**Student:** 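Just dropping this structure here.
Remember, it's a predicted structure, so these values are computed and weren't measured experimentally. Side chains included, hydrogens not; waters and symmetry mates left out as well; all remaining heavy atoms used.
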Amino acid sequence: MGTRHEPLRLGEIRPAGWLRRQLGLQARGLTGQVEDVWPDLGPDSAWRGGTGEDWERGPYYLDGLVPLAHVLGDETLLRRAEPWLEWILGSQRPSGQFGPRTNDDWWPRMVALKALIQHADATGDDRVPPFLARYFAYQLERLPDRPLTEWGACRATENVLAVLWLHRRDPDPRWPRLARLLLGQNADWTGFLTRELPTGRATFFDHLTHCVNVAMGLKLPAVRALLDDDGGDGSGGSGGAGRHYADLRACLANLDRWHGQVHGMFSGDEWLAGREASAGIETCEVVEYLYTLEQSALAFGEGALGDLAELVAYNQLPASCDPLMRAHQYHQQANQVAANIAERRWTFSSDDANIFGLEPHFGCCLANLHQGWPKFAASLWMRPAAEDGLTAFAYAPCTVRTTVAGAQVTLAETTGYPFEETVRLALTVSAPTRFALRLRVPQWCQDPVLRVNGEETAAAPGGDGYVRLERTWRTGDSVDLTLPMRVRRIRRERNAVGVRLGPLVMVLPVKESWRPLPDARGLGEWEVLPLSSWNYGLHVRGAGGLENWPVERGPVPEVPFGADGVPVTIRGEGARVYSWRLDGNSAGTPPDSPVAVSSPVQDLTLVPYGCARLRLAELPTVLPLPGA
């Protein structure tokens, strides 16, 4: 069992390289301009004192705007956030309640609390702790007679995380009592996901099968670990944490068994939707699941959670928006051969749910998508609670400036990961200082190579998935970790296959035609239509097998997840499968494999999932007939 961690202060991790470019695209795209193009987040929002939208959209937006502004150090975005924060802080009544008077729902205030806490972490604003204390006293008084309902009763863990944040700064016994009260009114996600989870598509609305609720509810074991039966002081215990981590793993395994797709996420085109590659995944689900994994890593310290987070961040997260982050999808598909206005077999969504636009289907994703990239960047490194040191949760180019064991430490991480295999760390310290660096070795990596100051050292990870380097660090010290990425076959239903390379899901791209929609709103709206055939199978038995297909790498382009200048590709083989056709307006279920084909075997190029908005991620295999 791993060790508990604490987050670094917001702003102590700054993205670099391709990650900074990606966050810059977000700052110049929807996040930076949405207030100007969408009235629900404009000056008339009730969360800024106006008479407009008064429920979740303002808090959702602020929950992503605040971390993006601080990880980038972007003054324009900080000015964007200020009127929201100031109005919320000034809205508190003598009772302790805050926010719009026209809506007293507990749920949106849970999101607003998250934004306030991030603001306080980054700025030290001393108004936030007493603000929270007054509100939590109000909750303690009112929740027994006005309990959580609907969305709040499925998402109370968000509220509890805010309570625990305050309790670490104010050891008032009321706060653990409030945390237990909130969890007592929350859905039993562990019980539902392990014992009652539907084994196929959900057929009617239920909060427990709503995919975003599931993504958020998965953090219940982590929150319980922080509020264990040691009295709820937030320290937990190794035995209790181990129990709760086992609960989380059981929930994840059950979701994967019945709703998992090749990329490691569970389907949810509004409601849980089964294992087929044509089922959708909602953008809100993507960002909330990623946040759940980040919070769970803090609670449990297990490297496997970083493996999962990288799968989400480097595949579904970039795919949810166009390459320049001007528009987003409500639902994406693993096998997505068109993104257009057409009827699809969603569990619950409209015909425009997978176009790239301002507000396809419903506005929650436009309000909520902003948190994905900046919270991931802010979570790349964490601090062990029980010792001096730093822990790598996920790998990406960044610079960390923080205090460790009383010394000022700067850690510069230079890498093209996940598009390349080597992560290079350079340290600068104010004085020689002894502490531990814990480096995650992903489960998919069989033969890592670790060098400290150029000398190779043991790289075998412990049971928590980390290799631990404890030593006295000096300015000029360097650490290089190489994680060789072998092409891996992922088995799917009916003997179909997917392909992974390190944390990347590699897909067969379909040539794209981006067709602007008339009277487009926002920064643009597009249908994406295919300009090439898509119904190919992979010839995995030829040329030494799929695992020996050659990998080619190049520089990461200015737009990291675009169709041009793709930084890593796999050269494989395949053939047309003429019997594999559309089912409605989605790719049909892949036929049973291997499929005997008379079509010729030809070269195919696979690219990262996030670089292809039209793609095949789960494909049949082919068996060419003699003479083909």
**Student:** Assess the residue pair Val577 and Val622 against the criterion (side chain to side chain contact (heavy atoms under 4.5 Å, CB included)); give the C-alpha distance rounded to whole Å, side-chain angles, the decisive distance to 0.1 Å, and a yes or no.
**Tutor:** CA-CA 8 Å; Val577 180; Val622 297; 3.6 Å; yes
**Student:** Pick one: which of Leu481, Asp480, Leu439 meets side-chain contact (heavy atoms from CB on, under 4.5 Å) with Leu425?
**Tutor:** Leu439
**Student:** More than 12 heavy atoms of other residues, nucleotides or ligands under 6.0 Å from CG of Asp447: yes or no?
**Tutor:**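 Counting neighbours around CG of Asp447, more than 12 heavy atoms of other residues, nucleotides or ligands fall under 6.0 Å, so yes.
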**Student:** Roughly how far, to the nearest 0.5 Å, is OG of Ser349 from CD of Glu343?
**Tutor:**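 Result: 12.5 Å between the selected atoms.
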**Student:** Just by distance, do the side chain of Asp256 and the backbone of Gly260 share a donor-acceptor pair under 3.5 Å?
**Tutor:** no
**Student:** Quick check against the 3.5 Å criterion: does Thr399 have a side-chain atom that pairs as donor or acceptor with the backbone of Ala412?
**Tutor:** no
**Student:** Thr292 side chain to Ala215 main-chain N or O, any donor-acceptor pair under 3.5 Å?
**Tutor:** yes
**Student:** Do Ser320 side-chain atoms and Leu317 backbone N/O form a donor-acceptor pair below 3.5 Å?
**Tutor:**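 Here the side-chain-to-backbone pair exists.
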**Student:** If you look at every heavy atom in Gly454 and Ser478, which pair is closest and at what distance?
**Tutor:** N-OG, 4.5 Å
**Student:** Are there over 12 heavy-atom neighbours, none belonging to Glu455, within less than 6.0 Å of that residue's CD?
**Tutor:** no
**Student:** Will you find, in the side chains of Arg576 and Ser533, an N or O donor that is under 3.5 Å from an N or O acceptor?
**Tutor:**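 There is such a pair between these side chains.
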**Student:** Between the side chains of Thr31 and Gln26, is a donor N or O closer than 3.5 angstrom to an acceptor N or O?
**Tutor:** yes
**Student:** Between Phe561 and Trp18, is the ring centroid distance below 6.0 Å?
**Tutor:**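 Yes, ring centres under 6.0 Å apart.
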**Student:** Taking atom CZ of Arg14 as the centre, report whether more than 12 heavy atoms of other residues, nucleotides or ligands fall under 6.0 Å from it.
**Tutor:** yes
**Student:** Find the distance between SG (Cys321) and CH2 (Trp373) and round it off to the nearest 0.5 Å.
**Tutor:** 10.0 Å
**Student:** Look at the side chain of Glu527 and the backbone N and O of Leu517, then say whether any donor-acceptor pair between them is shorter than 3.5 Å.
**Tutor:** no
**Student:** Answer yes or no on whether Arg440 is positioned over the face of Tyr466, meaning its NZ or CZ is under 6.0 Å from the six-membered ring centre and within 45° of the axis.
**Tutor:**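 Judged by the rule (NZ or CZ under 6.0 Å from the ring centre, within 45° of its axis), Arg440 is not positioned above Tyr466.
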**Student:** Are the side chain of Arg494 and the backbone of Pro590 linked by a donor-acceptor contact shorter than 3.5 Å?
**Tutor:**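 Checked: pair present.
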**Student:** So, Thr569 and Thr605: side-chain donor and acceptor under 3.5 Å apart, yes or no?
**Tutor:** no
**Student:** To check you understand the geometry: which heavy-atom pair defines the closest contact between Gly537 and Leu604, and what is its length?
**Tutor:**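 What the structure gives for the nearest pair is O-CD1, 4.2 Å.
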**Student:** Would you say the side-chain atoms of Gln261 and Glu276 include a donor-acceptor pair closer than 3.5 Å?
**Tutor:** no
**Student:** Roughly how far apart are Leu197 CG and Thr209 OG1, rounded to 0.5 Å?
**Tutor:**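 The OG1 atom of Thr209 is 9.0 Å from CG of Leu197, to the nearest 0.5 Å.
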**Student:** Arg275 side chain to Arg257 main-chain N or O, any donor-acceptor pair under 3.5 Å?
**Tutor:** yes
**Student:** Just by modelled atom types, is the Trp580 backbone N or O under 3.5 Å from a matching donor or acceptor in the Asn535 side chain?
**Tutor:** yes
**Student:** Can you measure from CG (Asp352) to OH (Tyr330) and round to the nearest 0.5 angstrom?
**Tutor:**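 Here the interatomic distance stands at 10.5 Å.
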**Student:** Run the salt-bridge test on Glu547 and Arg488 with the 4.0 Å N-O cut-off and return the result as yes or no.
**Tutor:**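 A salt bridge is absent here (no side-chain N lies under 4.0 Å from a carboxylate O).
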**Student:** Do Thr283 and His328 meet the criterion of a side-chain donor-acceptor pair at a distance under 3.5 Å?
**Tutor:**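 The criterion, which ignores hydrogens and geometry beyond distance, is not satisfied for His328 and Thr283.
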**Student:** Roughly how far, to the nearest 0.5 Å, is the CZ atom of Phe393 from the CD atom of Glu302?
**Tutor:**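 If we round to the nearest 0.5 Å, Glu302:CD and Phe393:CZ are 12.0 Å apart.
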**Student:** Could you walk me through whether Tyr609 and Leu504 pass side chain to side chain contact (heavy atoms under 4.5 Å, CB included), step by step?
**Tutor:** CA-CA 7 Å; Tyr609 183 105; Leu504 296 173; over 6 Å; no
**Student:** With the side chain counted from C-beta on, respond yes when Met485 and Pro503 share a heavy-atom pair under 4.5 Å apart, and no when they do not.
**Tutor:** yes
**Student:** Would you name the heavy atoms of Val337 and Ser586 that are closest together and state the gap between them?
**Tutor:**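 For Val337 and Ser586, the tightest heavy-atom pair comes out as CG2-C, 4.4 Å.
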**Student:** Out of Glu512, Gln332, Met506, which one pairs with Arg615 under the side-chain contact (heavy atoms from CB on, under 4.5 Å) rule?
**Tutor:**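 Answer after filtering Glu512, Gln332, Met506: Gln332.
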**Student:** Rounded to the nearest 0.5 Å, how far apart are CD of Glu573 and CG of Asp603?
**Tutor:** 6.5 Å
**Student:** When you compare the side chains of Arg438 and Thr391, does any donor N or O come within less than 3.5 Å of an acceptor on the partner?
**Tutor:** yes
**Student:** With no hydrogens and no angle check, is any side-chain donor or acceptor of His5 less than 3.5 Å from a backbone partner on Thr3?
**Tutor:** yes
**Student:** Check for me whether the distance between the ring centres of Tyr289 and Phe266 falls short of 6.0 Å.
**Tutor:** yes
**Student:** Where the side chain of Asn335 meets the backbone of Ala617, is there a donor-acceptor pair that is under 3.5 Å apart?
**Tutor:**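 Checked: pair present.
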**Student:** If I compare all heavy atoms of Val423 with all of Glu413, which pair ends up nearest, and what's the gap?
**Tutor:** CG1-OE2, 3.5 Å
**Student:** If only side-chain N and O atoms count, and only distance matters, is there a donor-acceptor pair under 3.5 Å linking Glu288 with Asn368?
**Tutor:**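 Indeed, the side chains of Asn368 and Glu288 share at least one donor-acceptor pair under 3.5 Å.
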